[in-house]
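Okay, structure first, notes after.
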Amino acid sequence: MFYRSTRGDLEKITASKAILRGIAEDGGLYVPIEIPKIESNSLKELMNKNYREIAFWVMKKFFTDFTDEELLYCVESAYDEKFDTPEIAPLRKVGENYFLELYHGPTLAFKDMALSILPYLLKTAMKKEKIDKEIVILTATSGDTGKAALEGFSDVEGIKIIVFFPEDGVSEVQRRQMTTHRGNNTHVIAIKGNFDDAQNGVKLMFNDKIFNEHLERSGYVFSSANSINIGRLIPQVAYYFYAYSQLNKIGAIETGEKINVSVPTGNFGNILAAYYAKEMGFPINKLICASNSNNVLFDFMDKGIYDKKREFYITNSPSMDILISSNLERLLYSICDEKTDVVKGFMEELNSIGEYTISEDMKKGLNSFYGNYADEDETINEIKKLYEGTQYLMDTHTSVAYVTYNKYRTDNKDNTKTVIVSTASPYKFTGAVMNALSNEYKEYDDFELINKMEKITGIDIPNAIKDIDKREVIHNTVCSKEEMRDTVTEILGI
Ligand SMILES: *Cc1c(COP(=O)(O)O)cnc(C)c1O
């Protein structure tokens, strides 16, 4: 199994190299040259496997240059007691709905599913490729990737990590999780700008040849912890199989029966993992792509036009406040018959005029998707309604997926069993969630609301955020988007 760039010629590289590089030199993203198919009886076999076994099974198909021993080491080091439940990714039945809770890891968001394993994959890849330079992980975050990457890469020998987050675009709990993070190889910087600015700044550094040569002479090489790294994406395929096996176990579906998934979407990584699962032959009917008011993907699914020239909103689901969804590039590659010059053309248009339009033929490739969105009121109202009806408390991002799924059902009268992907703990967004339930919480700050949330839900405050407001803030650098590179140079002393 080899990987190539979505924008390049047919240079084929191994999984290890793709994981180490993060992004291709031509600015494209690495994609598997072929999506591996599931053998006819392996779906049945998977039904009895636990999370670690399924993760191993998936990664063995994609990361073929890793030995079994290496993959086992990665999987077992990642999915252990850091997760607060042995199931790792439990499926909860709530009324007639099924929520796949991906927030039981150390930082309370689904980013832990991949970022708890990426450091081990990267370390193994470094050994295999005999890398003698120090790796610098450059990361842009809309709130959750940052802390999950810090957690995963803290104190890992041979690696430094630098995180950029939008100064005004994260929740108070998210901010505090990052700015209080300890670890002798970690740097956290707020930027005056939004997530797209952060991601763009990081990509510019990755693609600057002269800067990278300078870096190498100083003994460093860049890599990425964002979902542009294929090492982030593939581990996420596993939980779709796992959700399926759990639905099967409780008798909700027969083996082979199709399901839908509804995914709260920002950078298009999570839902792309579901798409890859479907391409592998996994029985998925519809991929429901749920957006918030930054609904650029809804318009794209609807009209085939991607237009980033629009107002940017800071919403109550900040981890999805994104107008340039990086991983869509990988979908474009798939639905244009893998013509890299076509993908390259779209990306250049997006960069120069801010939009591109796909062909009618390519639009057919979107048939397995349904796009819609939830505005802020809908997001809030449904949190309250579901909580009052069932005592189940979802976070704002999960609510976006829930609202969008309900729109899908109304539009299509489709009763296929649907997994709603729950991407964050409500404890990360206490302000928005508690104020959704009642206006009696208005005068409290997000940290006081952590205790209030514990009281009403009876769910213990996760250790990850206990007393978080009392921890010392150790990262307080702020820079403009133009200063990102200088900040990196300064940190590395080069
Ligand atoms: C990152 C994130 C998303 C969006 O996921 P993508 O893979 O970027 O589409 C949704 N919800 C939460 C809570 C997140 O942290």
Side-chain angles (χ1 to χ4, degrees), residues 29 99-115 118 139-151 163 165-166 169-171 173-175 177-178 194-196 198-199 224-230 232-237 239-240 261-277 287-292 294-298 300-301 315-331 369 371 373-374 379 383 394-404 420-430 432-433:
L29 307 186
F99 290 90
L100 178 66
E101 295 183 350
L102 300 180
Y103 58 75
H104 290 274
T107 76
L108 314 183
F110 95 95
K111 303 299 197 288
D112 288 325
M113 299 307 297
L115 281 165
L118 183 63
T139 303
T141 182
S142 57
D144 290 324
T145 289
K147 177 62 180 181
L150 290 166
E151 194 72 32
V163 171
F165 74 90
V170 298
S171 81
V173 173
Q174 287 178 314
R175 177 193 315 279
Q177 277 185 303
M178 289 186 278
N194 59 34
F195 170 76
D196 291 318
Q199 175 155 262
S224 166
N226 283 101
S227 52
I228 53 179
N229 194 324
I230 195 76
R232 262 273 309 264
L233 213 52
I234 301 305
Q236 295 181 176
V237 175
Y239 48 73
Y240 291 103
V261 294
S262 182
V263 188
T265 298
N267 224 0
F268 211 76
N270 201 351
I271 197 164
L272 188 76
Y275 177 77
Y276 280 178
L287 300 149
I288 301 171
C289 176
S291 302
N292 65 20
N294 294 296
N295 55 8
V296 59
L297 286 168
F298 162 64
F300 174 72
M301 298 286 172
T315 72
N316 54 21
S317 45
S319 304
M320 295 157 63
D321 291 344
I322 295 175
L323 290 182
I324 304 167
S325 286
S326 282
N327 280 294
L328 192 66
E329 179 168 345
R330 288 187 165 112
L331 180 67
F369 288 87
Y373 69 103
T379 304
I383 290 175
M394 30 175 199
D395 96 294
T396 44
H397 304 76
T398 308
S399 179
V400 167
Y402 176 75
V403 171
T404 305
I420 296 163
V421 178
S422 175
T423 48
S425 159
Y427 275 111
K428 278 195 113 160
F429 303 96
T430 49
V433 172

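For the single chain, residues carry numbers from 1 onward in sequence order. Just the heavy atoms: all of them, side chains too, but no hydrogens, waters or symmetry mates, feed the values below. Both ligands and their constituent atoms are indexed starting at 1 by order of listing.
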Check your understanding: Can Tyr240 and Tyr276 be said to form a ring-ring contact (aromatic ring centres under 6.0 Å, His included), step by step?
Key -> CA-CA 10 Å; Tyr240 291 103; Tyr276 280 178; over 10 Å; no
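Within the 4.5 Å cutoff, the side chain of Ile383 has heavy atoms near those of the Thr396 side chain. Taking 4.5 Å as the limit, some side-chain heavy atom of Pro264 sits within range of a side-chain heavy atom of Val421.
Using cut-offs of 30° and 60° on the angle between ring planes, the pair Phe110 and Tyr239 is perpendicular.
Applying the salt bridge (Lys or Arg N to Asp or Glu O under 4.0 Å) test to Lys428 and every residue at least two apart in sequence or in another chain returns Asp144.
Within 6.0 Å of OH on Tyr427 lie more than 12 heavy atoms contributed by other residues, nucleotides or ligands.
Contact shell of ligand 1 (protein heavy atoms, cutoff 4.0 Å): Phe110, Lys111, Asp144, Pro264, Thr265, Gly266, Asn267, Phe268, Gly269, Asn270, Ser319, Met320, His397, Thr423, Ala424.
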